[in-house]
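Scope of the values below: all heavy atoms of this structure, side chains included, with no hydrogens, waters or symmetry mates. All ligand and atom numbering here is 1-based and tracks the order in the structure.
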Amino acid sequence: MKIPLPTHSAPVSVGKVLCIGRNYADHAAEMDRDVPDEPMVFLKPPSALIRSGAAVQLPSQSRDVHHEVELVAVVGRKGKGIARSAALDHVAGYAVGLDMTARDLQAEAKERRHPWSVAKGFDTFAPLGPIQPVEAVGDVQDLTLQLTVNDETRQEASTRHQIFPVRELVHYCSQIFTLSPGDLLYTGTPSGVGPVQEGDRLHASATGLDPLSVSVERPE
Ligand code: MN
């Protein structure tokens, strides 16, 4: 899939989809997990991506798919070993996103010490809202993230409660991966995660960003 970047004249292909686990203390607590002392990184395949207006497809392998609303940073400039002071210069824009998670498969993977690639990586498990330029956002660590399901608020929190701010996440990930234009960074979810059902309408928003709307379907 190609996405438009505010800093580029032509759309670019989505590269890595980096995701951060347990980046809000209240979510770590609801999952009965300790707060990590360094960022917990996992990846989703680019094939998981869908845009606003599309539908999350519930996979037959899971009976418990959860929503996780997240701020997404979109990389606009290539870099490796990026200093904290330069980290935000590598971000082209922001979007609101959903890290859809097969919670039952994730619990099983945790128990068996297996990776999360299956629980997090199904097709349609990475909805991404419209990408806005950095200037539209203001202070990225002072945004209110919100998710409603069928018009009922399920998640609401400020990005000021992130354990590792966006600057730190870009710095940290770039020690491991070369970051390139079109890479996405899902920065973790606050508390309030829960299951979605066939027919649900999910509406995710964040201050200064255009909202993301997806429906939920179960394929025949
Ligand atoms: Mn997440």
> Nearest heavy-atom pair of Leu5 and Gly182: which atoms, and what distance?
Replying inline: CD1-N, 3.9 Å
> By atom name, which N, O or S atom of Glu70 is the nearest to the Mn ion (ligand 1)?
Replying inline: OE2
> Does a side-chain N-to-carboxylate-O contact under 4.0 Å join Arg160 and Asp139?
Replying inline: no
> Closest N/O/S atom of Asp99 to the Mn ion (ligand 1), by atom name?
Replying inline: OD2
>> Taking side-chain contact (heavy atoms from CB on, under 4.5 Å) as the criterion, tell me which of Leu202, Val96, Leu212, Leu49 meets it with Pro127.
In response: Leu212
>> Tell me which N, O or S atom from Glu68 is the closest to the Mn ion (ligand 1).
In response: OE1
> Are Thr101 and Lys120 close enough that a side-chain donor and a side-chain acceptor fall under 3.5 Å?
Replying inline: yes
